[in-house]
Number of protein chains: 2
Amino acid sequence: MNIQQLVDRGLKIKTYTKDSVIYEPGTQPRYVYFIKTGEVRMVTVSDEGKEFIQGVFKAGQHFGEPALLINRPYLAFTITNKDTQLIAVNKEDFFSLIKNEPDFSMNLIQTLSQRLFYKSMMLEELANEKADHRLLTIINYLLHDITEGENLKVTRQELADMTGLRVETVIRGVKMLAGKGLIKTVKGKIVKR
Amino acid sequence: MNIQQLVDRGLKIKTYTKDSVIYEPGTQPRYVYFIKTGEVRMVTVSDEGKEFIQGVFKAGQHFGEPALLINRPYLAFTITNKDTQLIAVNKEDFFSLIKNEPDFSMNLIQTLSQRLFYKSMMLEELANEKADHRLLTIINYLLHDITEGENLKVTRQELADMTGLRVETVIRGVKMLAGKGLIKTVKGKIVKR
DNA sequence: CACTAAATATGACACAGATCATAATTTTGT
DNA sequence: ACAAAATTATGATCTGTGTCATATTTAGTG
């Protein structure tokens, strides 16, 4: 099931401007959201206002399934990183997609597996490893998605919010890793080689 | 799909004694494991030998799907907590289960969603919260599964291995939470009220 | 019941990373 | 090309939790 097919079925496209909140923790899930264009981040926020990035979702992907499927209030905020167009698919329709479209079902299982894999990896890091190790792991993970010579389009703040560290610690850590030759940086940007 | 049906299909039951290793990190997944009897823990281990409990699986449940489904080497050890009987279902059979048994597929999706929910919760805790908050969260989570008056059958060491803390920190933290009346303990055991 | 092992408890000290303050550099918008 | 904003950088403390050492309590076993 892709976006076009959903549109063909007559589902409405909703437009959100950058930094709009799509849903908040504590609220009851009613939809699964398919992204037509744009990008969203899923973040949990501590009492002191510190953000942790649970995931980032781009055009063609969907988010918000787990809470809907197990019927639990959301844990996280979902916020647009750019102007974004979404299609909200209600519970009934989403369940019928799973039941009636074997490909969609298989695909969803693999998507959930990928996310579990990432979260397991990060849990090990946050539970057991110190700053430099965490940083190297997330950086290598992110480098997978880009091609040689390109650089990572993430700020130190974002790395901090993915690793549970503070910006200053990330800045010092990245510098250290570059010094040891474990990563390559050009003008502060982390580059794949 | 339940254990009996797998047995009826002629799948072999393998027996493991307590503390046997079923698989190790780095190896390539070939099976999904269904638990007939017993219990296993999934743990990642740091270079310094510190364990983190990624999950615990009991009779009737299965484990090892994500790595198999996305075709990536295991991240964790899986080790029996007790004498355990397993049925190993190979990739082909597992895929056919998903394709041909809609109920199984739906069930798997919900199981994966539950695990994602737990891991998201723990990631937020490990990334943003300090010892006491982490402890209270995991304790409340575990208390959900038992009835009033019963006590948690986990040691401080196990709480430590679930929260990324050290035993001493857990011991001090539990004592503190009990002192503040946020949890109830009897002879050191954490009791549901 | 006694004996041993495992789990819980407690104190002293160390240290990674947080926090705070301020500066330098790079990016973005006009 | 310039100003403003965002990001990166760096130093000086502070602090929660790890580490280590040792003691006490509870559970398990013949």
Side-chain angles (χ1 to χ4, degrees), chain A residues 18-19 41 45-53 81-83 125-139 142 150-180 183-191, chain B residues 18-19 45-53 81-82 125-139 142 150-180 183-191:
Chain A
K18 183 170 150 63
D19 294 320
R41 69 180 186 277
V45 181
S46 75
D47 306 335
E48 297 86 47
K50 195 177 164 214
E51 285 197 11
F52 176 75
I53 299 177
N81 277 340
K82 313 174 178 175
D83 290 356
E125 292 294 326
L126 298 200
N128 281 343
E129 310 291 354
K130 30 183 95 93
D132 304 336
H133 194 287
R134 281 190 215 182
L135 275 172
L136 192 53
T137 298
I138 191 88
I139 288 171
L142 295 174
E150 270 198 303
N151 61 53
L152 285 186
K153 275 149 208 68
V154 287
T155 64
R156 309 283 135 119
Q157 183 62 61
E158 285 169 324
L159 287 176
D161 291 348
M162 285 187 262
T163 52
L165 301 169
R166 289 289 171 171
V167 223
E168 297 92 329
T169 307
V170 172
I171 288 167
R172 291 186 247 254
V174 166
K175 180 147 281 192
M176 210 277 275
L177 292 173
K180 283 193 179 172
I183 60 175
K184 186 185 169 193
T185 57
V186 173
K187 281 228 201 116
K189 291 286 166 200
I190 299 161
V191 180
Chain B
K18 183 171 151 63
D19 294 319
V45 181
S46 75
D47 307 335
E48 297 86 46
K50 194 178 165 212
E51 286 198 11
F52 176 76
I53 299 176
N81 277 340
K82 314 172 177 173
E125 291 295 324
L126 299 200
N128 281 342
E129 309 291 353
K130 31 184 93 93
D132 303 337
H133 194 287
R134 282 190 214 181
L135 275 172
L136 193 52
T137 298
I138 191 86
I139 288 170
L142 295 173
E150 269 198 302
N151 62 54
L152 285 186
K153 275 147 208 69
V154 288
T155 64
R156 309 284 134 116
Q157 183 62 61
E158 286 169 324
L159 287 176
D161 291 346
M162 286 188 261
T163 52
L165 300 169
R166 290 288 165 164
V167 220
E168 296 93 328
T169 307
V170 171
I171 288 168
R172 289 186 246 255
V174 166
K175 182 148 281 194
M176 209 277 275
L177 292 172
K180 282 193 180 174
I183 59 175
K184 186 186 169 191
T185 58
V186 173
K187 281 229 201 114
K189 291 287 167 200
I190 298 161
V191 181

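Just so it is clear: chains get the letters A, B, ... in the order the sequence lines come, proteins before strands, and each one is counted from 1.
Within a 6.0 Å radius of NZ in A:K180, no more than 12 heavy atoms belonging to other residues, nucleotides or ligands are found. Sparse packing is recorded around NZ of B:K187, with 12 or fewer heavy atoms of other residues, nucleotides or ligands lying under 6.0 Å away.
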Nucleotide N/O of nucleotides 4-8 of chain D paired with protein N/O under 3.5 Å:
residue : atom : partner : partner atom : Å
D:dT8   : OP2  : A:R156  : N            : 2.8

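A:G173 comes within 4.0 angstrom of no nucleic acid atom, judged by non-hydrogen atoms across all strands.
In terms of polar N and O atoms assigned as donor or acceptor, the side chain of A:R172 comes within less than 3.5 Å of the base of C:dT19 in a complementary pairing.
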Show your reasoning for whether side chain to side chain contact (heavy atoms under 4.5 Å, CB included) applies to A:E51 and A:R41. CA-CA 11 Å; A:E51 285 197 11; A:R41 69 180 186 277; 3.7 Å; yes
Can B:T155 and B:L159 be said to form a side chain to side chain contact (heavy atoms under 4.5 Å, CB included), step by step? CA-CA 6 Å; B:T155 64; B:L159 287 176; over 6 Å; no
B:L135 vs B:M176, test: side chain to side chain contact (heavy atoms under 4.5 Å, CB included). Steps then yes/no. CA-CA 11 Å; B:L135 275 172; B:M176 209 277 275; over 6 Å; no
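The interatomic distance linking B:N128 (CG) with D:dT17 (C1') rounds to 17 Å, in whole Å. Atom CD in B:E48 sits roughly 13 Å away from atom P in D:dG18 (whole-Å rounding). Following rounding to the nearest Å, A:E129 (CD) and D:dG18 (C1') show an atom-to-atom distance of 15 Å. Nucleotide D:dC14 holds its P atom 17 Å from the CD atom of A:E168, rounded to whole Å. For B:K130 and D:dC14, the NZ to C1' distance is 12 Å, given to the nearest whole Å. Here D:dG16 presents its P atom at 16 Å from CG of B:L135, a figure rounded to the nearest Å. Distance A:L159 CG to C:dG17 P: 15 Å, rounded to the nearest Å. In this structure, A:R134 atom CZ and C:dA18 atom C1' are separated by 12 Å, rounded to whole Å.
Shortest non-hydrogen contact noted between A:L177 and A:L136 is CD1-N, 4.0 Å.
The shortest distance between the side-chain N/O atoms of B:T169 and the OP1/OP2 oxygens of D:dT17 is not below 4.0 Å.
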